[in-house]
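Since the model is a prediction, treat every value here as computed from it, not as a measurement.
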Amino acid sequence: MVFRLGPWIIDPSARQVGQGADAIRFSPKAMAVLDVLVAARGAVVSRSELLEKVWPHVTVGEEVLT
């Protein structure tokens with residue numbers, strides 16, 4: 001499902017974000033972070049919640065979000 005976020009067109013299945021003909025392909029984890037943030041609909045998402053949702057059952061440090 002392709003959707004708009006302001007001027008941006010986001011295609012999660014292709015992992016692309018762009019405006020017009022210009023698009024950037026995201027890594028799978030970067031797109032997963034964006035998916036969590038979009039699903040929050042403007043609510044604050046804590047670092048720990050992002051880590052739990054994007055890296056479940058994996059021990060990673062907070063630096064992966066930097």
Peer 1: If you group Ile, Leu, Val, Met, Phe, Trp and Tyr whenever their side-chain heavy atoms sit less than 4.5 Å apart, what else falls in with Phe26?
Peer 2: Phe3, Leu5, Trp8, Ile10, Val17, Ile24, Met31, Leu34, Val38
Peer 1: Should Leu51 and Val58 be marked as a side chain to side chain contact (heavy atoms under 4.5 Å, CB included) after you check the CA-CA gap, both sets of side-chain angles, and the distance that decides it?
Peer 2: CA-CA 9 Å; Leu51 292 172; Val58 178; over 6 Å; no
Peer 1: Scan for salt bridge (Lys or Arg N to Asp or Glu O under 4.0 Å) pairs involving residues 9-35, sequence neighbours excluded, and state none if there are none.
Peer 2: none
Peer 1: So how far is it from Arg47 CZ to Leu65 CG, rounded to the nearest 0.5 Å?
Peer 2: 5.5 Å
Peer 1: Quick one: list whatever passes side-chain contact (heavy atoms from CB on, under 4.5 Å) with Ser46, sequence neighbours left out.
Peer 2: Ser48, Glu49
Peer 1: List the atom of Val64, the atom of Trp55, and the distance in Å for their closest heavy-atom pair.
Peer 2: CG2-CH2, 3.7 Å
